[in-house]
Amino acid sequence: MRVLTDERRCVGADLGAWMAAGGGAGLERALADRGGIIPAIEAAGLRGLGGAGFATHRKWAAVAAQPGPGKWVICNGNEDEPGTFKDRFLLSRTPHQVIEGALVAALAVGAADIVLYINPREAAAVAVAREAVAQWEAHPLLARLAGALGEAPRLRVVTGSGLYIGGEETAAVASVMGGFPFPRLKPPFPAESGVGDAPTLVNNVETLAHAGHILAQGPEWYRGLGLGGAPGTKLFSLSGDVLRPGLHELPMGTTLRSLVFGHGGGVLAGRAFKAVFTGGPSNTLLTAADLDVPLDFDSLRARGSRLGTGAMIVVGEGTSILRKTAEYVAFFAANSCGQCPPCKIGTHQVSRILERVEAGAGRPGDLRALENLAGLLPGSGRCGLVDGAATVLASSLRTFRGEYERALGPSGQEDGQEDGQGDGQGDRLRGGGLRGGAP
Amino acid sequence: MSAPAAAHGIPHAAALAAWRGRAPAPPRALALPAPELLERFHPDRRPGAMVPLRVGASAGLPCRAELAALLQSDALVEDEDIAGAPLLDADVLVIGGGGAGCVAALTAARAGARVLLATKLRLGDSNTVMAEGGIQAAMGPEDSLQRHFEDTLRAGHFAADKALVAALVSDGPGVIRWLIQEGMGFDLAEGSDRMGGNLLRRKPGGATAARLLSYRDFTGLEMMRALREAVLLAPGITLLERHPALELLTDDRGRCAGAVLHELARGRPVLARAGATVLATGGAGRLHVAGFPTSNHYGATADGLVLAYRLGAALREVDSFQYHPTGIAWPPRMAGQLVSEAARASGAALVNGLGERFVDELDTRDVVAAAILREIAEGRGVARDGQAGVFLDTPGLERAKPGILGRSLVTLTHLAHRAGLDAAAEPFLVRPTLHYQNGGIAIGPDGWSGVPGLLCAGEVTGGLHGRNRMMGNALLELVAFGRRAGAAAAADARAERPRNIGLTHLADWRRALIAQGLPLARKAPLVFPPYGNFDMAKDRGRAA
Amino acid sequence: MREDGLEGGAGVRLMFDGHAIEAEAGASLLQAWTAAGLPLTENVGCMGQGVCGACRVLVRREGERLADTALACETPAEEGMQVSFLDHFPARRPHAYDLRALTDSWTALDQIDAVFPEAKNCRHCSGCDRACPKGIEVQRMVNLAAGGEAFAAAALFDHCVMCNLCVAACPEHIDPAHLGQFVRRMSAALTLRPGDLIARLREIERGGQPIDPEAPGANPPPGP
């Protein structure tokens, strides 16, 4: 069952067509029962679909509890992660679905400033969103919203920096304020202190897009969309070594096997399945042992991984995990904002080691050095960028160590590997066994 | 194993009390004539310290035993090891990335040569960067090149080569101009303008005139920063970091034709073929001769002496080392690190455990060092946690010249902080530390060794300092002779082309070792000190 | 006592580049590494003086969330530390200039922008300041240099030890360490003209400073 990607709702900037396709019903319902919005979202079990999986109603309630006026809603469409391409679809093909959700949120929390915060590199999304926003201006629903809020809502499109880091919620706030998208330490959370220190709700495009539907069709309907107790649907950005890559909207809780082998048509050229990089790609890899794991927040967390943005980058036999990891860590290194030297320098150091290992110029001790960094770096930044890089590194080292060892070759091996089994857990002290000898 | 560290002496607390009680201690001249003091207390004069070399161009020459063992050892590489090794070509190969190497490379490259600069560690990692006190150049109206010449000879006990010393001191003022052109800063006399003012001059130990120019108390760092940038930006210099030289190459005429380098990153040999080779590998402090700690950087392992000697170069004064009087004695983890002579040049006194001064602090380094060792040996030292030394009275200096520690002895103040003491309140505990190799490869005024195609510059050379180097002549030497060697190498490289390169000199060398009954099992150069836990023979097998 | 300045005995335990090692209390990280028998062929230079910038590391102290950059030779080993060596590597692209060609000091300030155009892109993240083990106000230097205040910028970089951690830390590829050296070198090369040096050079040129190798002071004094 497709909700967000239903062809009938993909009407572009045409507000009339959106209304004709059933749009506006969610906002109508919200206006009719403002106090029921957050309970409905809670009952639906909607969670942050930008990657965090945080319960949406809590964020909304936190902002709603703050004194107004002057609050903000930021609809986060910064999307810049490798392998993620869902927000640009929603913003360019069905922007009113997103806007309506944002307006529902604004009503729920009491915010009159609503910003569609979009990655400027997605020119089509920006253009369509601007046109869509303009069409709302004279719409009677907006006037009714003004009445409920006590002031006219200011709906606008803000293009960010185009930098990956701008997707982090405090960075999004900084960017909307016209500054460089520097993440900052939390707390305070944007719900307490966001744009201009005002309480600010920051939600992902996909999250907000569901809100109108939940109001219009009820939490029960939404819960019923998912499988195995997980509510709703999820947009999966499927890419890599699959026959049919692309955006797949599937019930939350669909198994990895079903996504890859059913909807994705299987691994390209009939090769064996190796792994999937999920979400950022900043999480623990999913392997063949995880094929029957339901793809939802809790099931993946229970497996030590994360759903993230729903990006699923499939790696089949013949594709190098080492090279992929190097590519992603290099991405994180390049996109580290610079505020935290351990993040900038640490990811860069990992990237350099991976590049030389990959290029056949690895050195004895490189694997240990990588493991050590994977243990040392997490937690060392104001935001989670360095944690993501360390997680994907640790995971690929742990699960595909053989690929690293092959690339290192005999000259890159340490001798006397008495404790060189490598568990990727550089963060605990290994007892005894001081190493002697030379490389 | 470290005799000078013998811990008997006056306990630290009692010594501190004596120091406080007598402050400021009155100056006192030596109670012993300098020659006798040196004879009895200088580490180089201890029985068994020196052995005559038995093979090579300087057979018969007395040499520090630890160094002789390395000099008279077999090569690390065989002919078959270098078959199939990658070959790099250049006009001039410079070995060593410290001050002398950088200056030689810059000079040769600017003369039009294609230069390879190979260094064991990273560009700039060297003793140069650690030099604190300054650089000598006769600048004052009361001073002259002649006085610099005579002071240098006298400080070196008249053992230096006069032609080399004349070249050194004559280059002095021009070297300072060259360094300013490379972007190095110098301290100006108080109140002096940048244009037309005077340079700040101080009197180095053993000098008759104020001749020591400086940049704060990190002159070497300021120099190395400018030189490093210049080398990194110079067209015509290819930099090879982490490429120690394992053996020099010869051609079929017996000329030096480059070197076998070891690429540490890959564990494989690389051949660097060059028309002329400049050895600028620095000193030998990390041999820890006589069991002394050292102020030297990690790479100072005498590699250049070993390579040049095996190829037939003559050595001189390899039985003479400089023990800097004021190395840190406590805390042990900082043992050997230098407290700059700038402290004594500025007026800091040396005080024994009885609160007495015992030597003219500005006498030559060998005399001051021997005097300290005498105080310790005769029980008048200060003992703390098993270490023995004497006090360097920085609090007394600060009292006499308020503000001097924070203003012009920045490195010293920083050092005290790391040692966990306040230099303005508590004296350093110091004792001599192995600092400089006075002798080295014999060269001519243009840096030529006796071996065709091989030039040398910097601490690896001998003849400039005789048997004791003056403070401030090391930085001068490395620029003066770096320029001379670089220019000569560039000129010569255009005339000569190596042909049929290889390791043909090794057969004769091994015959000589065997004839003298010397073991072939010992291999050199050392490359890294033993506590570097690195086995070159094993590493060379990595890429195989 | 050993040559590396350490004495035997157990002390603190730490994790260093994947090796669980024990170090004597008070030992520097670099001493802890070698005392554990681990090979040291890079990331080392002056061994404790703190002037060469070779031994750069990332350090996380026990109980702290954020890691720090530091120099291993002057950082004492502590219980529960996690440490990683940081490679040295050249700047992403060289900022090329020829100091000797910079003879017209009227163009000096333009040259700063021409050679280091990234300097004006400073995003003020302060990462360079945080990365500097010497506490240099790196970002202020960058901003002063970009604004043409060469002397002020040069003065701020007085204590730079060439560790290049600011180069690694800068997301805009400004290469602050090299910019700092550029303004320092330019300041010296273009404006330092000591009068006593110039006078002495002129004197030498005119042959006014001959050396007599056989002067009385050039030979040992006659024996007693």
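Here is how names work: the chains are called A, B, and so on, in the same order as the sequence lines, proteins then strands, and each is numbered from 1.
Among B:L199, B:L221, B:V165, the residue making the largest number of heavy-atom pairs under 4.5 Å with chain C is B:L199.
Using a 4.5 Å cut-off between heavy atoms, C:M186 does not touch chain B at all. With a 4.5 Å cut-off on non-hydrogen atoms, C:H178 touches chain B through its backbone and its side chain both. Contact annotation for C:F157: only backbone heavy atoms (N, CA, C, O) come within less than 4.5 Å of a heavy atom of chain B. Residue contact with chain B, scored on non-hydrogen atoms closer than 4.5 Å, involves the side chain of C:I204 exclusively.
Side chains of B:Y215 and C:D158: a donor on one and an acceptor on the other come within 3.5 Å. A donor-acceptor pair shorter than 3.5 Å can be found between the side chains of C:T41 and B:R242. Side-chain contact, C:E74 with B:H414: a donor N or O sits under 3.5 Å from an acceptor N or O.
The backbone N or O of B:G185 sits nowhere less than 3.5 Å from a side-chain atom of C:R184 that would complete a donor-acceptor pair. Using a distance-only test at 3.5 Å, with no hydrogens or angles considered, no donor-acceptor pair links the side chain of B:R225 to the main chain of C:R185.
In this structure, B:R201 and C:D196 approach most closely via the heavy-atom pair NE-OD2, 4.5 Å.
When the side-chain contact (heavy atoms from CB on, under 4.5 Å) test is applied to B:T301, the partners found at least two apart in sequence or on another chain are B:K120, B:R286, B:D303, B:L526, B:P529.
B:R333 has no carboxylate O lying under 4.0 Å from a charged side-chain N of C:E24, or vice versa, which leaves the two without a salt bridge.
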